[in-house]
Amino acid sequence: MDERYDPKAIEPRWQKYWDESGLFKVAEDPDTPKYYLLEMFPYPSGKIHMGHVRNYTIGDVVGRYKRMRGFNVLHPMGWDAFGMPAENAAIQNNSHPARWTYENIDAMRAQLKQMGFSYDWDREIATCHPRYYHWEQWLFLKMYEKEMVYRKESFVNWCKTCQTVLANEQVEQGACWRCGKTVRQKKLAQWFFRITDYADDLLEYCDKLDGWPEKVTTMQKNWIGKSFGAEIRFPIEDSETRISVFTTRQDTVFGATFMCLAPEHPLVTELSQSTEQESAVAEFVDRMALLDRSDRAMETYEKEGVFVGAYCINPMSGRRMPIYTANFALMEYGTGAVMSVPAHDQRDFDFARKYGLEVIVVVRPEGKPLDGASMDEAYTGEGVMLNSGQFDGMSNEDAKEAIAAHMDKEGIGKKTVSYRLRDWGISRQRYWGAPIPMIHCDRCGVVPAPESDLPIELPEEADLLEGGKSPLPTLESFTRTTCPKCGGAEARRETDTMDTFVESSWYFDRYCSPDCDTAMFDREAVDYWMPVDQYIGGVEHAILHLLYSRYFTRVLHDLGLIDCKEPFTRLLTQGMVCKETTACPEHGFLFPTQVDWSEETPNCSICRNAVTVGRVEKMSKSKRNVIDPNTLLEAYGADTTRLFCLFAAPPERDLEWSEQGVEGGYRFLNRVWRLALDWMEPIQPVTAYSGSPDALDGNLRDLYRKIHETIRRVTGDIEDRFHFNTAISAVMELVNAMYGIDRSKPVEASTAGVMRLGLETAVLLLSPMVPHFSEEIWSTLGHEKSVLLAPWPEYRKDALQKEEITIVVQVNGKLRSRFDISADADDDTLKETALADERVQKFVAGKPIRKIIVVKKKLVNIVV
RNA sequence: GCCUGGGUGGCGGAAUAGGUAGACGCAAGGGACUUAAAAUCCCUUGGGGCUUGUCCCCGUGCGAGUUCGAUUCUCGCCCUAGGCACCA
């Protein structure tokens with residue numbers, strides 16, 4: 001231990017020690033309780049950012065803490081390595097995505113090591129490696145066998161910029177989640193995973209995930225979007241065909257006066273054929289297909305439609321209903337057809353008024369009349385049925401049941417449910433992904449590749465094309481194969497690759513046995529480690545990745561490959577790392593270095609205009625408010641960087657960047673360092689005091705209590721809540737208390753013993769958060785083994801006890817006085833002492849005492 | 001519109017089963033050390049009032065309520081962040 005705290009000198013040394021001693025390498029051990037700790041693995045973009053630093057620091061504290069508590073901790077790290085940035089960068093640099101990716105991985109691994117994270121690096125995986133995606137392809141074949149995956153021609157979300165299909169989950173407000181450009185509909189043959197088969201199960205278990213933030217489970221529930229209603233079939237006039245609709249308001253079926261079909265609905269063209277509406281319909285359908293998805297999705301978007309030239313019959317009322325195709329009917333939801341009840345649905349109402357369609361009221365609010373001709377908005381509330389034949393007079397809630405039962409009996413319709421969740425389209429027309437192991441044969445159609453061909457490797461020699469178009473379809477060495485079924489000469493490999501979210505849906509299983517080359521994973525290993533006990537990552541994955549992973553775990557479970565059904569027992573979603581933005585009216589967002597802060601009003605160093613200091617926002621390149629963790633590492637070292645992330649805010653909240661905050665953390669570590677140096681000489685020969693508190697007195701007794709109180713607080717903060725900020729502040733208090741012990745006098749043995757205990761305790765409690773720093777002091781204190789191998793400290797109950805405690809006195813609930821009294825004084829003594837207090841007397845004097853409330857060891861409240 | 005969080009000093013944030021609001025840190029101010037600065041150490045710091053006291057009044061987004069007592073529980077509002085959204 002040097003005179004000066006120098007992170008640059010000590011950090012590499014301990015990192016080397018951890019590496020060489022293999023402290024973080026783990027194996028299955030049935031005799032030790034396991035703890036599988038996982039943070040969301042990064043995309044190898046090139047260098048780590050503050051979000052990673054925060055995420056992995058939180059995880060590392062938990063991992064080191066659990067290890068000290070005696071758990072067998074699995075804490076792996078790897079790379080979500082397929083994806084488009086690699087392709088784009090490769091095109092730009094005239095390089096190859098694989099090279100770019102592996103170089104980035106090397107750079108980022110080095111950075112993570114510099115942070116001192118406790119990973120078992122032997123288990124590192126990269127999803128772009130054939131050894132990994134081999135088993136993804138294998139699983140695809142298993143799923144194909146069980147009909148969990150299928151191919152279908154359908155309208156898909158197409159991003160022109162990225163030249164690929166997007167899943168519904170990847171479309172945000174009508175735009176591509178990655179590039180932000182408008183997404184259009186395109187008809188393509190795609191591979192789908194039947195996630196909707198699991199909709200109910202995924203939904204049901206949302207309420208059983210006690211260790212998940214409610215926020216996330218509600219988001220998933222909303223995404224699955226289960227609605228209860230009925231399916232009703234409307235016969236088409238002069239036809240055998242019937243139109244099926246889904247509705248949640250079957251009670252209003254008598255009020256249905258027209259029908260709306262989505263423009264993509266197959267019946268639209270069929271029904272309009274050779275009617276005088278044909279051309280008008282065709283024109284409308286074409287126009288809709290070209291529209292931006294975002295525009296069409298706007299609620300405020302003008303409702304419009306075209307009569308298709310045919311009618312259907314309301315099976316309940318017998319009414320003849322014109323059939324329209326309308327822009328507000330969505331092919332993706334329900335059956336793509338809407339029975340329109342203008343009196344009780346606002347959209348239908350708007351549409352009916354626009355095209356002069358009839359409005360019939362069938363539910364009336366209690367005690368009020370309602371007239372279809374004169375009403376100016378739809379009535380969507382509850383009420384009494386009318387104009388509904390035998391159901392008149394019922395409450396509409398009762399009618400929902402009654403009408404559904406009636407329709408069921410008559411074969412008109414039945415109760416059913418509908419989901420918002422769609423099947424997961426996984427085909428991507430990109431190069432840098434796992435090839436889908438299927439073969440197209442002219443004779444046999446689509447045929448699965450034989451298992452013995454796996455892995456179907458991505459050809460490395462491919463030249464990437466400008467614009468991002470996949471080179472695979474033109475690469476004959478890849479596409480040409482023979483049909484495994486008929487053996488014919490001509491067959492082509494599928495050239496689509498899988499969505500990268502497929503890789504991240506099972507990587508946590510692979511970590512259990514990353515080197516297994518005979519199966520996806522070793523059964524024993526996966527059964528020992530899974531499920532993940534604690535998962536940590538950003539909320540931005542609340543739906544996408546977390547829902548897919550839950551789905552995949554169910555698939556693996558149902559294929560008999562794994563025991564558990566839910567992958568993540570506890571989930572922590574950490575907040576974002578934010579910083580204020582600065583913008584110049586002329587030059588837009590500025591880097592902090594482009595701002596001259598020395599003047600009274602900060603100004604732009606380019607044009608001297610005053611800059612506006614904007615809102616605190618998530619660090620992002622476009623806002624130019626990012627702090628590179630490297631600069632922190634350079635200036636302060638890993639421990640200060642970690643400490644800042646932990647101290648500035650509790651993990652689930654957003655963290656605001658503060659230069660002074662970092663400085664403060666560094667100052668604290670220096671303070672502890674100096675304390676240790678100052679006392680090292682007297683405490684080195686003694687052992688930590690472990691006797692009874694009764695043998696101590698005065699300051700020493702107080703410090704002894706403080707030490708044990710700190711153990712209690714820190715342990716509770718970490719164990720129950722992951723509130724590292726309060727854990728750190730508790731240790732700060734302890735350190736402050738130790739500074740209160742006089743060092744100038746010759747040090748007595750008892751003082752040295754308690755000081756040693758205090759110092760060792762502070763170091764142990766801090767060790768998960770600032771590991772290098774702690775190891776350094778710990779070893780100087782004479783310990784030969786790593787601080788990680790020391791058991792987590794336990795507090796003594798008898799040390800916490802106080803002989804004298806402070807009792808607060810309130811009069812009518814207001815604080816008026818306080819006094820110190822023996823801790824075991826009884827209620828009557830407390831009352832008497834409180835009443836005798838002269839400050840209390842001022843407020844009580846002369847007034848009748850109504851009641852006295854005594855709270856043990858805390859307060860006395862006198863009510864007058 | 002619907003669903004989730006969150007509103008506490010100049011700032012980040014404490015208050016774990018309704019019981020001393022503002023722990024800890026930052027910033028600010030004062031002092032000590034120093035020729036000086038940095039670093040360090042000590043003190044003050046929610047607002048207001050005066051009779052400077054272990055004083056009084058106000059204070060946790062706003063308005064009610066429950067309670068001896070509410071940052072904490074209930075109801076109604078306002079603001080804010082995030083998610084979903086023409087979902088039939």
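Note that the structure is a prediction, hence the values are computed from the model and not measured. Just so it is clear: chains get the letters A, B, ... in the order the sequence lines come, proteins before strands, and each one is counted from 1.
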* Go through B:A27, B:C87, B:U20 for me and flag the one nearest to the A:Gln660 side chain. => B:A27

* Structure fact -> 5' to 3', nucleotides 41-55 of chain B under a 4.0 Å protein heavy-atom cut-off (B base, S sugar-phosphate only, - none) gives S------------B-

* Sticking with atom P, work out how far B:G12 lies from B:C86, rounded to a whole angstrom. => 36 Å

* To do: Using only heavy-atom distances, decide whether a donor-acceptor pair under 3.5 angstrom links the side-chain of A:Arg249 to the base of B:A88.
  => no

* To do: Check every strand shown and say whether A:Val338 touches a base, only sugar-phosphate, or nothing at a heavy-atom separation below 4.0 Å.
  => base

* Flag yes if more than 12 heavy atoms outside A:Lys858 fall under 6.0 Å of its NZ atom; otherwise flag no. => no

Enumerate donor-acceptor pairs with a distance under 3.5 Å from any side-chain N or O in residues 210-218 of chain A to protein atoms, sequence neighbours excluded.
residue: A:Trp212; atom: NE1; partner: A:Phe568; partner atom: O; Å: 2.7
residue: A:Thr217; atom: OG1; partner: A:Glu214; partner atom: O; Å: 3.0
residue: A:Thr218; atom: OG1; partner: A:Glu214; partner atom: O; Å: 2.3

* Asked: Starting at the 5' end of RNA chain B, which residue's closest nucleotide do you reach first, A:Glu214 or A:Gly336?
  -> A:Glu214

Considering only nitrogen or oxygen atoms on both sides, find all protein atoms under 3.5 Å from nucleotides 58-60 of chain B and state each distance.
residue: B:C58; atom: OP2; partner: A:Lys814; partner atom: NZ; Å: 3.3

* Structure fact -> In this structure, CE of A:Met738 is separated from CZ of A:Arg671 (nearest 0.5 Å) by 10.0 Å

* Looking only at side-chain N and O atoms, does A:Lys851 come under 4.0 Å of OP1 or OP2 in B:C68? -> yes

* **B:U72 and B:A15, which share atom name C1', separated by this distance in whole Å** => 10 Å

* To do: May I have all residue pairs that pass salt bridge (Lys or Arg N to Asp or Glu O under 4.0 Å) and include part of residues 729-738 of chain A, sequence neighbours excluded?
  => A:Lys706-A:Glu733, A:Arg713-A:Glu733

* Annotated protein contacts, base or backbone, on nucleotides 11-19 of chain B with a non-hydrogen cut-off under 4.0 Å, one of B, S, - each -> -SSSSB--B

* Is B:A17 in the syn or the anti form, by the rule that syn lies within 90° of 0? -> syn

* What stems, by residue range, does RNA chain B take part in, given at least 3 consecutive Watson-Crick or G-U pairs under 3.5 Å? -> B:1-7 with B:78-84, B:10-12 with B:24-26, B:28-32 with B:40-44, B:46-49 with B:55-58, B:61-65 with B:73-77

* To do: Please measure how far the P atom in B:G9 lies from the corresponding atom in B:G5, and state the result in whole Å.
  => 23 Å

* To do: For B:C26 versus B:C78, give the span between their C1' atoms, rounded off to a whole number of Å.
  => 31 Å

